[in-house]
Amino acid sequence: MRTTRLFIPTLRQTPGEAEVISHRLMLRAGMIRKVAAGIYTYLPLGLRVLKKIECIIRQEMNRAGAQELLMPILSPAELWRETGRWDFYGKELLRCQDRHDRDFCFGPTHEEVITDLFRREIRSYRQLPMNCYQIQTKFRDEIRPRFGLMRGREFIMKDAYSFDADEESARLSYQKMYDAYERIFTRCGLTFRAVEADTGLIGGSMSHEFMVLAETGEETIVYDERGSYAANVELAEVPPPPEEDKAAPLALEAVQTPGTKTVQEVCAFLKVSPNRLVKTLLYQTPTGDVIAVLIRGDHEANEIKINRFLGTTVLTLANAETVSKVSSAPVGFAGPVGLKGIRIIADHAVKAMRNFVVGGNKNDTHLINVNWDRDFTVEAFLDLRQARAGDQSPRSADRLQEAKGIEVGHVFLLGTKYSQAMNATFLDADGQETLAIMGCYGIGVSRTAAAAIEQNHDDKGMVWPVPIAPFHLHLLPVTASEQVVKTAGMLYDSCTEAGLEVLWDDRDERAGVKFNDADLIGAPFHLTIGDRGLAQGVVELKRRDTGEVVPLQPADVLPHVQELLSSYDLPAV
RNA sequence: CGGGGCGUAGCGCAGCCCGGUAGCGCGCCUGCUUUGGGAGCAGGAUGUCGGAGGUUCAAAUCCUCUCGCCCCGACCA
C-alpha cells in the first residue's frame, strides 16, 4: 500500500485521554479512534493487525477440528432467563427492547445461544463431539472501561463451544483447545504462560487462562521455575507450613495498644514482627451472617478461597457498624477470643503458630500469647490466603515466582452447567437421554493486539512481532530524486508481487517525519532508499527490533527479506 | 457506586482566581526556498469556549443544573 492511499492519521502528540502504552501508541499510529467510553473504531492499520490475529486463530481452530459459525449479537431474554443469567449477570449485561417491548441483550458471551442451537439440532451421540466457534463483536457494559482496547466495552472475541458425550471425551476436547491456544499465541509471537484459573461467573470444573507476560498486566500469576505449577494468584494453592511452632504456651495477657489499628502499627508498638500476629477479618454474607477469618499478619486473605469454602459468591468485609456490634470494639481490634455466635475459620498458617497476638475485642486492646487450641475454637483450618513470591510451590520443591500478565485467552471445562439448565440432551448408544458435557473457550482478539504492544514496544513506538505486524516491509524513500523514486517504485512492485506486505511511504515529507512515523508504526523491516546509499549502489535494510542496519543492493532486497520471513508461519490474510 | 480531575480550533495547551466579547505551539491550505531523524520564511482558513438555565450593561470567566471523558477506589482492620 502507498501511504498516500491509506488512511493512517498519525499523531505527533498523545491525546490526553490515553494513559497506558498500547492505547497511546494505537491512537498515535492511527490504528484506532474512540467513539465513546470503551468503544472504538478500528482504522485500516489497526484492522490489519486484528485480521492477522483472526487468521491465525481460524487456522488453528480449524486445524483442531472446530467449525466456524456466526451467532447474532442480540439475543432474546428468554434464553438467559433459562440459565438464570438474565438476573445473575447484573449490569454488565446490556439490555434493550424491541418495538414490541420484548427484552433482548447484547451478547457478552454465547453459551445460551449455542446451547439452544445444540438442543434443537443434535439428537444422537453419533453427532458428537462437536465444537463450534465464532469471531464476533461482544458487548459487556463494564463498570469502568479503561486502557483503550485492553478493557473495552465493545470488543472482538473468538468464542468456541464444545459438546461431548462423556467426561473423558470432553477432557480431550478441552485439551485440544488448550493445545490450539498454545499454538495461536506462539504463532502470534507473544511471550505467554498458561495458568490454572478461577472459573468465575462462567462456572465449570477446570479452567486455564493464557496470560501475555507484561509489566502493565492487570493480573498476577505465580509459577515455579521448572514449570510444574503456574496459576493465577486468585486461586493459587498454598501448602500448609512444613513446620509447626512447638513453643510451650505462655499465659494469655491483655495489653493496651492505644491507637494501633493496622498490623504495622500494632507490630511496631509491641515490637513483634507481623508473622507473630493473627488478623481477624470479619466478613458478611448477603444474608447478613458474619464470619471471622483468621490470617497471619503478614499474609493477605484470598476472598475467592473463602467464598469457595462457604459456598457464597458475594462476600464482603463487614462495615464499621457491624464490626463494632460483633466485636464490641471499633475497627482494628477484632479478635477470635470471646467472639460469640460467629463461625471462625483460619488459614492453615495460623495452625502452626503459638503464642501469637490478636485483637482484644475492646478499644485500644490486643491480646498476647494467644493459642488457638486453648483460647478459642476454630471450625476449620484451610488454605485461605493469597499466594505470593517466595511461597513453596504446591507441585515441586521450588519457590514460587510472581509475574504480571494480561489475560488474552481462557478455556473452561463447563460440565453440564448449561446443558442441564437448558435441557440440552442427546440419545446415547443405549438410547438414554443424556446431558451434553460442554466446554467453552475464549480469546480476546482486540485485547491480544493491545497485549502485543504492551509486550513489544520501545520509546519510539511499536515493535510488532512479524506474524501480526500490519506490514512486513516499510519503504522509506528519503529524498525525491529521480533515481530514488524509481528504485522505490521497482522495489515496491517486485516485493508486492512476491507476496510481501509492503507499505510505501510515498508522501512528500522530510526524512525525519518518515523515520519517526515508521518507528511508530513498527513494521519489522524498514528499507531506507536515498541518494547517499544509491551513490554506493545500495539501499539500507533496518530491523525494527534491534535497529541493526544492513546495506543491500536493490536486487538483493527481496530474497533477503524473504529469507528473514521464512522462519515464520505467516497468516495468509 | 464513591472520590479526584478535565471538557476552549484537528491534536497538545494558556486564558477562568480578579467578568469587558478568545490566544499560543503543532497540524491544515497557498507560495517560495529547503530536503538522510519531526525544515525556514511569507500569507491564510478554522471556535455555537461540552450543553441548558441564571446573575450582570456585559459571561470562556461567577452561580445552578446537566451531559461527556479520564484516573483512583469499592471498605484488606
Side-chain angles (χ1 to χ4, degrees), chain A residues 9-20 23-24 27-28 30 33-39 90-91 142-148 151 153 257 259-267 274 277-284 292-303 306 314-324 326-327 329-335 347 358-361 363-364 366 384-386 460-461 476-481 484-485 505 507-520 526-536 538-540 542 547 549:
Chain A
T10 57
L11 302 173
R12 292 195 181 192
Q13 283 160 307
T14 306
E17 71 200 45
E19 197 78 6
V20 301
H23 190 194
R24 298 165 70 112
L27 287 169
R28 281 195 56 210
R33 287 293 183 264
K34 186 178 69 189
V35 177
I39 299 176
K91 287 196 159 184
E142 294 273 348
I143 299 176
R144 185 153 85 88
R146 58 187 135 177
F147 308 149
R151 184 174 291 282
R153 292 193 291 171
T257 52
T260 57
K261 287 185 190 309
T262 66
V263 169
Q264 278 137 337
E265 287 164 0
V266 175
C267 290
L277 185 140
V278 169
K279 52 188 177 190
T280 303
L281 307 178
L282 297 173
Y283 282 95
Q284 212 162 1
V293 178
L294 306 186
I295 304 287
R296 202 172 84 184
D298 59 327
H299 289 159
E300 293 298 322
N302 179 321
E303 292 180 3
I306 300 168
V314 275
L315 210 57
T316 52
L317 277 169
N319 58 31
E321 193 190 341
T322 309
V323 169
S324 60
V326 169
S327 70
V331 168
F333 299 96
D347 180 69
V358 301
N361 292 329
N363 193 18
D364 293 343
H366 280 78
L384 295 175
R385 77 165 170 97
Q386 191 104 330
K460 287 178 178 298
L476 303 166
V478 289
T479 52
S481 73
V484 164
V485 173
D505 194 340
R507 293 175 301 172
D508 180 21
E509 284 287 357
R510 299 171 68 84
V513 173
K514 294 187 180 185
F515 286 138
N516 281 304
D517 272 356
D519 286 338
L520 175 62
H526 298 176
L527 192 70
T528 304
I529 305 157
D531 289 309
R532 203 188 317 175
L534 288 181
Q536 317 294 318
V538 297
V539 293
E540 294 138 44
K542 183 181 101 168
V549 177

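Naming: A, B, ... by sequence-line order, numbering from 1 per chain.
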Report the C-alpha distance between H299(A) and L384(A) in whole Å, list the side-chain angles of each, state the deciding distance to 0.1 Å, and finish with yes or no for side-chain contact (heavy atoms from CB on, under 4.5 Å).
CA-CA 10 Å; H299(A) 289 159; L384(A) 295 175; over 6 Å; no
Paired with [N] by Watson-Crick or G-U wobble geometry, both distances under 3.5 Å: which nucleotide is it?
N	result
C41(B)	G31(B)
C1(B)	G73(B)
C18(B)	none
G68(B)	C6(B)
C24(B)	G12(B)

[X] side chain to [Y] backbone, donor-acceptor under 3.5 Å:
X	Y	answer
K514(A)	P477(A)	yes
D519(A)	K460(A)	no
R153(A)	E142(A)	no
R296(A)	L277(A)	no

4.5 Å side-chain heavy-atom contact, [X] and [Y]:
X	Y	result
L27(A)	R33(A)	yes
D531(A)	V484(A)	yes
K542(A)	L476(A)	no
E509(A)	D517(A)	no

Mind checking if [X] touches a base, just sugar-phosphate, or nothing, with heavy atoms under 4.0 Å?
X	result
L476(A)	nothing
L281(A)	base
T14(A)	sugar-phosphate

How far, in whole Å, is [M] from [N] if one measures between their [atom1] atoms?
N	M	atom1	value
C41(B)	A60(B)	C1'	34 Å
G38(B)	G27(B)	C1'	12 Å
A45(B)	G10(B)	P	16 Å
C62(B)	C72(B)	C1'	30 Å
U61(B)	G7(B)	P	13 Å
A22(B)	A39(B)	P	33 Å
G54(B)	U8(B)	P	24 Å
U56(B)	G51(B)	P	23 Å

Distance in Å, [X] [atom1] paired with [Y] [atom2], rounded so as to fall on 0.5 Å steps:
X	Y	atom1	atom2	result
Q13(A)	R28(A)	CD	CZ	9.0 Å
E300(A)	K279(A)	CD	NZ	4.5 Å
T257(A)	D364(A)	OG1	CG	6.0 Å
H526(A)	D505(A)	NE2	CG	10.5 Å

Separation of [N] [atom2] from [X] [atom1] (nearest whole Å):
X	N	atom1	atom2	value
D298(A)	C76(B)	CG	P	18 Å
K514(A)	A39(B)	NZ	P	13 Å
L11(A)	G12(B)	CG	P	8 Å
R507(A)	A39(B)	CZ	P	12 Å
F515(A)	U35(B)	CZ	P	15 Å

F515(A) to V478(A) - nearest heavy-atom pair and separation
CZ-CG1, 3.5 Å
Nucleotide of G37(B), C76(B), G38(B) approaching R28(A) most closely (side-chain heavy atoms)
G38(B)
Picking from G37(B), C76(B), U35(B), the nucleotide nearest the side-chain atoms of N516(A) would be G37(B)
RNA chain B: T260(A) or A480(A), which has the more 5' nearest nucleotide?
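This one resolves to A480(A).
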Of Q264(A) and T528(A), the one whose nearest nucleotide on RNA chain B sits closer to the 5' end is T528(A)
Close N or O pairs between protein and nucleotides 31-34 of chain B (under 3.5 Å):
residue, atom, partner, partner atom, Å
U34(B), O2, R510(A), NH1, 3.0

What one-letter contact string describes nucleotides 66-74 of chain B from 5' to 3', where B marks a base within less than 4.0 Å of any protein heavy atom, S marks contact via sugar-phosphate atoms alone, and - marks no contact?
---SSBB-B
Listed pairs, N/O of protein and of nucleotides 22-30 of chain B, under 3.5 Å:
residue, atom, partner, partner atom, Å
G25(B), N2, Q13(A), OE1, 3.1

